Amino acid sequence: MNVGFINIYPSRPHSFHAAFLENQCRALGYSTHFLECGGSLQGCYSKLNRPGGILRCITCRMGRASNYSASEVHEIRGNLPIEVLDPDKINKGLISSAVTLHREEIESNYFTNKKLTDSIDQMRMNYLRTYYSTLDLIEKKQLQTLVVFNGRIDMTRAAIEAAKHANINFITHERTFMGHGIQMHVNENILGLRDRIALNTKFDREYLTSYQARLAGAEIAKRFLGTNFLEWRVYNAGSRTLSTWPTNTTKEKILIIPSSRSETGSHEDWETPWNLSIDGLDLFLKAVGANKDQVVVRFHPNWIQTVGKSTGRSSHILYKKWCEVNGYHYIDSHEQVSTMGLIADCDVAILNGGSAAIEAGALGKKIVSLGPSIYKGASFCRFYETVESIVNFSGFDDWISEEQIIRTTLRYVYTTLARFPQYFDYVRALKTTEFVAFEGADPTRFESMLKTGAVVADDASVGLPQDEEEVINLIFSRSWERLIELAPEFNNETMIQQNITKHFPYNLIDKARGHFKRGDL
């Protein structure tokens with residue numbers, strides 16, 4: 001089989017992951033080819049998102065995946081055919097990049113906001129060049145599949161759209177949520193939910209082994225202790241816990257923990273029938289007959305943080321105005337108030353896809369998600385994704401038990417930690433950007449994904465009813481330190497580390513990587 005690798009933004013650790021996957025291809029006897037940016041293109045996502053101009057090109061050249069390999073390298077060409085893609089198709093392919101660049105919260109503004117449309121215009125030529133260069137490589141090298149980093153951001157999106165047009169399979173990859181392994185998707189970009197939902201649903205009903213439960217329990221405990229250092233961002237560390245709930249109410253205390261829509265907006269798996277997340281909240285709060293003194297809204301800390309060149313101002317303004325109009329108490333983004341303390345005090349947590357559902361589930365809270373999320377399919381959370389489902393809401397009394405919420409949260413955490421990520425035991429994170437890989441991984445796992453078009457569980461083993469009890473009881477009693485003590489240690493004493501290093505002179509750069517910000521080199 002002939003496989004093309006496209007890793008246009010080779011920020012750490014994605015080029016390492018691509019090198020590992022190329023090794024799997026070689027073990028299968030596949031031929032591999034790389035398509036990369038030569039550094040002469042203008043208006044790419046990286047240059048629009050961060051300052052530096054030509055420095056961004058140098059960064060990409062230093063970090064690119066082909067520096068690990070001796071395979072044939074092709075560069076994106078500048079010439080285009082006379083007839084090119086319809087502008088609407090290009091806009092659709094680039095809108096996710098533009099929305100993320102400017103962190104735009106209001107979906108109805110996507111194609112009318114001048115900042116967004118200007119960014120689309122700036123990225124348009126590179127999108128086309130990548131699209132047709134990918135088609136050209138597929139044809140010339142008779143590629144049967146592509147391996148693409150991300151698949152959502154501008155040129156990477158162009159690559160997978162070219163694969164669709166050529167009717168070949170593709171795999172997209174990303175860093176995993178909790179660190180170890182590689183996040184992989186077949187024939188969808190890294191926001192796709194198809195295989196996540198399938199695995200969440202399948203293993204929601206299965207008991208964990210004692211080993212699995214202890215591993216997942218420790219991962220939960222890390223979030224409460226603030227030691228989940230392998231996750232990309234850790235928020236709210238060191239914040240104070242309020243002594244009492246911020247409002248006076250005799251009814252259910254409702255905590256709303258919103259997330260930005262800017263990274264998932266425009267993706268079909270994340271669509272909702274409401275234009276704004278606050279519209280869904282209005283519908284739900286009306287359906288449950290909530291009074292304003294029941295509601296507390298915790299603004300996301302990153303709404304006041306700069307990511308690239310943009311802030312979360314769009315989300316912050318939207319939610320602040322909504323709270324003020326409706327008289328809802330809110331905790332602003334800059335306030336050093338513990339979100340976990342608020343979750344511990346609430347009765348109901350309402351989210352729109354955020355990871356705080358894990359903490360809420362571990363504390364046995366009733367959780368509502370107004371829209372899809374990566375934990376869809378897991379029963380610790382109830383999903384309301386249509387107007388009809390909200391109108392027919394049956395009340396908070398008709399809910400699974402606190403013990404069952406904790407149990408299914410634990411199972412979900414193991415699925416997202418070690419079932420959905422591929423090669424969990426063979427690609428290990430030392431830091432958020434530094435990985436090692438070990439010999440012994442089964443390359444037919446990669447082959448199977450291409451043949452079946454689906455991701456299968458990296459660990460499909462299940463346990464017995466009694467295997468979960470020790471960890472469930474410790475979570476119920478909030479014994480976080482004890483859960484850490486019980487965590488199984490990764491034993492690599494008998495494993496042989498793979499020699500995945502860049503060739504000279506780029507291998508010298510890796511020695512200085514720890515001094516750079518995440519995402520660089």
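Heavy-atom basis, side chains included; hydrogens, waters and symmetry copies ignored. Predicted model only: the values in this text are computed from it and were never measured.
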For this session: Supply the atom-to-atom distance Ser389 OG to Arg382 CZ, rounded to the nearest 0.5 angstrom.
Result: 11.5 Å
Exercise. Is any side-chain heavy atom of Tyr45 less than 4.5 Å from a side-chain heavy atom of Thr156?
Worked result: no
For this session: Quick one: which residue pairs count as a ring pair (Phe, Tyr, Trp, His ring centres under 6.0 Å) with a foot in residues 199-224, not counting sequence neighbours?
Result: Phe224-Trp480
Exercise. Do any N or O atoms from the side chain of Asn326 and from the backbone of Tyr328 form a donor-acceptor pair under 3.5 angstrom?
Worked result: no
Exercise. Ignoring hydrogens and geometry, is there a side-chain-to-backbone donor-acceptor pair from Asn49 to Leu101 under 3.5 Å?
Worked result: no
For this session: To the nearest 0.5 Å, tell me how far His180 NE2 sits from Leu430 CG.
Result: 8.5 Å
Problem set entry | Polar side-chain atom of Ser97 near backbone of Asp154 as donor-acceptor pair, under 3.5 Å | yes
For this session: Using the test side chain to side chain donor-acceptor pair (under 3.5 Å), find all partners of Asn189 that sit at least two apart in sequence or belong to another chain.
Result: His267
For this session: May I ask you to check whether Asn7 and His17 show a side-chain donor-acceptor distance below 3.5 Å?
Result: no
Seminar exercise, completed: side chain to side chain contact (heavy atoms under 4.5 Å, CB included) filter on Ala98, not counting sequence neighbours, yields Leu116, Ser119, Ile120, Met123
For this session: For Ser315 and Glu105, test the side chains for any donor-to-acceptor distance below 3.5 angstrom and give the result as yes or no.
Result: yes
For this session: Scan side-chain atoms only and decide if Asp282 and Trp322 contain a donor-acceptor pair under the 3.5 Å cut-off.
Result: yes
Exercise. Say you draw a straight line from CD of Glu468 to CD1 of Ile406; how long is it, rounded to the nearest 0.5 Å?
Worked result: 12.0 Å
Exercise. Aromatic ring centroids of Tyr384 and Phe284 under 6.0 Å?
Worked result: yes
Problem set entry | For Leu370, the option from Ile256, Ile350, Thr272 that meets side chain to side chain contact (heavy atoms under 4.5 Å, CB included) | Ile350
Problem set entry | Ile496 and Phe438, any side-chain heavy atoms less than 4.5 Å apart | no
Seminar exercise, completed: In this structure, CD1 of Ile8 is separated from CZ of Phe149 (nearest 0.5 Å) by 10.5 Å
Problem set entry | Ring centre gap for His14 and Tyr9 strictly below 6.0 Å | no
Exercise. Do the charged groups of Glu359 and Arg223 touch, with an N to O distance under 4.0 Å?
Worked result: yes
Exercise. Got Tyr330 and Lys320 here, is their nearest side-chain heavy-atom distance under 4.5 Å?
Worked result: yes
Exercise. With no hydrogens and no angle check, do the side chains of Arg152 and Thr100 hold a donor and an acceptor under 3.5 Å apart?
Worked result: yes
Exercise. Between the side chains of His173 and Gln183, does any donor sit under 3.5 Å from an acceptor?
Worked result: no
Exercise. Is there a side-chain contact between Leu342 and Pro246, using heavy atoms and a 4.5 Å cut-off?
Worked result: yes
Exercise. So how far is it from His185 NE2 to Ile171 CD1, rounded to the nearest 0.5 Å?
Worked result: 11.0 Å
Exercise. Do Gln404 side-chain atoms and Ser401 backbone N/O form a donor-acceptor pair below 3.5 Å?
Worked result: no
Exercise. Quick one: are Val288 and Phe396 in side-chain contact, heavy atoms under 4.5 Å?
Worked result: yes
Exercise. When you check the side-chain N and O atoms of Asp459 and Tyr414, is any donor under 3.5 Å from an acceptor?
Worked result: yes
For this session: Tell me, with the steps shown, if Leu410 and Val471 meet side-chain contact (heavy atoms from CB on, under 4.5 Å).
Result: CA-CA 9 Å; Leu410 183 70; Val471 172; 3.9 Å; yes
For this session: State, yes or no, whether a side-chain contact exists between Trp270 and Arg261 at a heavy-atom distance under 4.5 Å.
Result: yes
Problem set entry | Aromatic Phe435 / basic Arg428 pairing, under 6.0 angstrom, 45° off normal | no
Exercise. Tell me, do Phe16 and Thr433 make a side-chain contact under 4.5 Å, heavy atoms counted?
Worked result: no
Exercise. Would you say the side-chain atoms of Gln212 and Ser461 include a donor-acceptor pair closer than 3.5 Å?
Worked result: yes
Exercise. Any donor and acceptor pair, going by atom type alone, linking the side chain of Asn302 with main-chain N or O of Gln305 inside 3.5 Å?
Worked result: no
For this session: Could you list the residues that satisfy salt bridge (charged side-chain N to carboxylate O under 4.0 Å, His left out) with Arg419, not counting sequence neighbours?
Result: none
Seminar exercise, completed: For Tyr423, the ring pair (Phe, Tyr, Trp, His ring centres under 6.0 Å) test, sequence neighbours excluded, returns Phe20
Seminar exercise, completed: Hits for side chain to side chain contact (heavy atoms under 4.5 Å, CB included) against Arg482, two or more places apart or cross-chain, chain-then-number order -> Leu474, Ser479, Glu485, Leu486
For this session: Ignoring hydrogens and angles, tell me if any N or O in the side chain of Asn352 forms a donor-acceptor pair with the backbone of Pro258 under 3.5 Å.
Result: no
Problem set entry | Stepwise side-chain contact (heavy atoms from CB on, under 4.5 Å) test for Met184 and Thr172 | CA-CA 6 Å; Met184 298 173 68; Thr172 57; over 6 Å; no
Exercise. Who pairs with Arg196 by salt bridge (charged side-chain N to carboxylate O under 4.0 Å, His left out), at least two apart in sequence or on another chain?
Worked result: none
Exercise. Quick one: side chain to side chain contact (heavy atoms under 4.5 Å, CB included) partners of Asp458, sequence neighbours excluded?
Worked result: Gln422, Phe424, Arg445
Exercise. For Ser260 and Trp303, does a side-chain donor sit closer than 3.5 Å to a side-chain acceptor?
Worked result: yes
Exercise. Considering residues at least two apart in sequence or located in another chain, which fulfil the side chain to side chain contact (heavy atoms under 4.5 Å, CB included) criterion with Thr247?
Worked result: Trp245, Thr249, Val296, His329
Exercise. Hey, are Glu402 and Arg407 close enough for a salt bridge, meaning a charged N less than 4.0 Å from a carboxylate O?
Worked result: no
Problem set entry | Reported CG-to-CD1 distance for the pair Leu242 and Ile331, which is rounded to 0.5 angstrom | 5.5 Å
Exercise. For Thr432, does its backbone N or O pair with a side-chain atom of Arg175 as donor and acceptor, under 3.5 Å?
Worked result: yes
For this session: Under the salt bridge (charged side-chain N to carboxylate O under 4.0 Å, His left out) rule, collect the residues that match up with Glu219, sequence neighbours excluded.
Result: Lys222
Exercise. Can any side-chain N or O of Gln294 pair as donor or acceptor with the backbone N or O of Asn291 at less than 3.5 Å?
Worked result: yes
For this session: Under the salt bridge (charged side-chain N to carboxylate O under 4.0 Å, His left out) rule, collect the residues that match up with Arg103, sequence neighbours excluded.
Result: none
Problem set entry | Polar side-chain atom of Ser477 near backbone of Asn473 as donor-acceptor pair, under 3.5 Å | yes
Exercise. Is there a donor-acceptor contact under 3.5 Å from the side chain of Glu104 to the main chain of Ile106?
Worked result: yes
For this session: Only pairs at least two apart or in different chains count here, so list each side chain to side chain donor-acceptor pair (under 3.5 Å) that has a residue in residues 362-376.
Result: Lys376-Glu385
Exercise. Could Arg411 and Glu206 be called an ion pair, given the rule that one side-chain N must be under 4.0 Å from one carboxylate O?
Worked result: no
For this session: Evaluate side-chain contact (heavy atoms from CB on, under 4.5 Å) for Asp345 paired with Ile343, printing each intermediate quantity in order.
Result: CA-CA 5 Å; Asp345 286 345; Ile343 293 171; over 6 Å; no
Exercise. Of all heavy-atom pairs between Asp269 and Gly192, which one has the smallest distance, and what is that distance?
Worked result: OD2-CA, 3.5 Å
